[in-house]
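Structure, as structure tokens:
In this text, all values refer to a predicted model and were calculated from it rather than measured experimentally.
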Amino acid sequence: MSVSAERARPVLLRRLGAADAGPYRAFRLQALRETPSAFTSSHAEEAGKPMSVTLRRLAEAEDGPGALIGAFDGTGALVGTAGLKVPRRSRERHKGTLYGMAVARGAAGRGIGRALVRDVLRTAEDGRLRQVLLTVSEGNEPALRLYTACGFEVWGREPRAVLVDGRAVAKLHMVCLLDGARAAAGA
């Protein structure tokens with residue numbers, strides 16, 4: 001199949017479950033290896049964890065109120081992920097955190113990232129959340145543009161948030177207020 005034909009094939013978004021543990025773990029490890037400064041977790045840390053940790057993460061997302069969404073290409077391969085975590089404390093249940101956002105390099109430029117973020121925001125609205133938070137590594141301009149286009153705005157900067165191979169990376173803190181602000185941003 002040609003590259004242009006593959007790009008035209010629809011992408012299926014759905015919640016991930018225990019049956020997706022193997023592909024999800026492999027996808028996550030690949031993302032951590034390819035873009036180490038984009039994540040707080042390291043490839044070495046995650047690779048050393050047993051499959052039970054992955055299964056527990058999927059079970060927590062399945063049980064809600066959050067979700068872990070996967071994007072699957074026309075061949076059924078997992079090509080993107082994004083999660084929504086919602087605190088259990090009653091005074092914090094009005095907000096969620098978008099986490100684990102990644103799109104496979106070979107699937108970049110197809111709108112998969114935007115579709116994942118929008119799906120996470122729809123899930124948040126369905127759960128009656130008032131805001132969704134995230135952090136993005138400073139200098140990750142494609143991710144910053146994506147999140148901004150989906151209605152997120154920067155509210156703070158944490159210098160030296162993570163150390164990646166001894167190099168300090170700052171994290172930008174972003175928020176999307178779910179009170180109609182996204183409609184104006186075209187999300």
Side-chain angles (χ1 to χ4, degrees), residues 11 13 16 23-49 53-54 57-58 60-61 66-71 73 77-87 92 95-124 129-178 181-182 185-187:
V11 172
L13 299 181
L16 297 178
Y24 171 67
R25 179 179 167 85
F27 178 83
R28 180 165 164 74
L29 289 173
Q30 184 70 24
L32 292 168
R33 186 176 18 261
E34 289 178 353
T35 53
S37 66
F39 300 97
T40 303
S41 297
S42 74
H43 178 271
E45 283 175 323
E46 293 297 314
K49 293 179 181 176
V53 173
T54 300
R57 174 179 278 186
L58 290 165
E60 287 172 2
L68 186 51
I69 310 296
D73 69 9
L78 182 61
V79 295
T81 61
L84 176 68
K85 187 168 182 87
V86 179
E92 293 183 303
K95 61 185 177 180
T97 300
L98 190 151
Y99 73 93
M101 172 65 190
V103 175
R105 284 188 177 168
R110 294 177 52 197
I112 295 168
R114 182 179 294 254
L116 283 163
V117 172
R118 286 180 173 173
D119 203 59
V120 165
L121 292 174
R122 269 191 297 278
T123 300
L129 299 183
R130 294 184 181 186
Q131 63 191 41
V132 176
L133 305 162
L134 64 83
T135 61
V136 61
S137 296
E138 189 171 64
N140 187 345
E141 294 305 316
L144 185 59
R145 281 191 304 274
L146 168 67
Y147 297 137
T148 300
C150 289
F152 286 84
E153 59 185 51
V154 175
W155 63 266
R157 177 184 180 273
E158 181 182 357
R160 296 185 273 187
V162 294
L163 293 176
V164 180
D165 298 326
R167 184 178 61 91
V169 177
K171 291 283 188 176
L172 301 177
H173 294 264
M174 301 185 80
V175 64
C176 180
L177 301 176
L178 302 177
R182 283 190 329 104

Minimum heavy-atom distance between [X] and [Y], given as atom pair plus value:
X	Y	result
M101	G113	CE-CA, 3.2 Å
A31	A102	CB-CB, 3.9 Å
A71	V11	CB-CG1, 3.7 Å
S137	A38	OG-CA, 3.7 Å
L13	A115	CD1-O, 3.6 Å
G70	L78	CA-CD1, 3.8 Å

Do [X] and [Y] come close enough that some side-chain heavy atom pair is under 4.5 Å?
X	Y	value
L32	S41	yes
L177	E153	no
C150	R114	yes
L84	L129	yes
Y99	T40	no
V169	E138	no

How far does [atom1] of [X] sit from [atom2] of [Y], to the nearest 0.5 angstrom?
X	Y	atom1	atom2	result
T35	Q30	OG1	CD	9.5 Å
K95	L178	NZ	CG	13.5 Å
I69	L16	CD1	CG	7.0 Å
T97	Q131	OG1	CD	9.0 Å
L144	L172	CG	CG	6.0 Å
S42	L163	OG	CG	12.0 Å

Can you classify the ring geometry of F152 versus Y147 as parallel (below 30°), tilted (30 to 60°) or perpendicular (above 60°)? perpendicular
Salt bridge (Lys or Arg N to Asp or Glu O under 4.0 Å) test vs E46 passes for just one of R28, R33, R25, namely R28
By side-chain hydrogen bond (donor to acceptor under 3.5 Å, both in side chains), which residues pair with Y24, not counting sequence neighbours?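 Result, side-chain hydrogen bond (donor to acceptor under 3.5 Å, both in side chains) vs Y24: R57.
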D119: which residues meet the side-chain hydrogen bond (donor to acceptor under 3.5 Å, both in side chains) condition with it, sequence neighbours left out? R122
Has K171 got more than 12 heavy atoms of other residues, nucleotides or ligands less than 6.0 Å from its NZ? yes
Judged by atom type as modelled, is there a donor-acceptor pair below 3.5 Å linking the side chain of S37 to the main-chain atoms of V164? no
Report the residues that fulfil salt bridge (Lys or Arg N to Asp or Glu O under 4.0 Å) with R130, sequence neighbours left out, ordered by chain and then residue number.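 For R130, no residue satisfies salt bridge (Lys or Arg N to Asp or Glu O under 4.0 Å) once neighbours in sequence are set aside.
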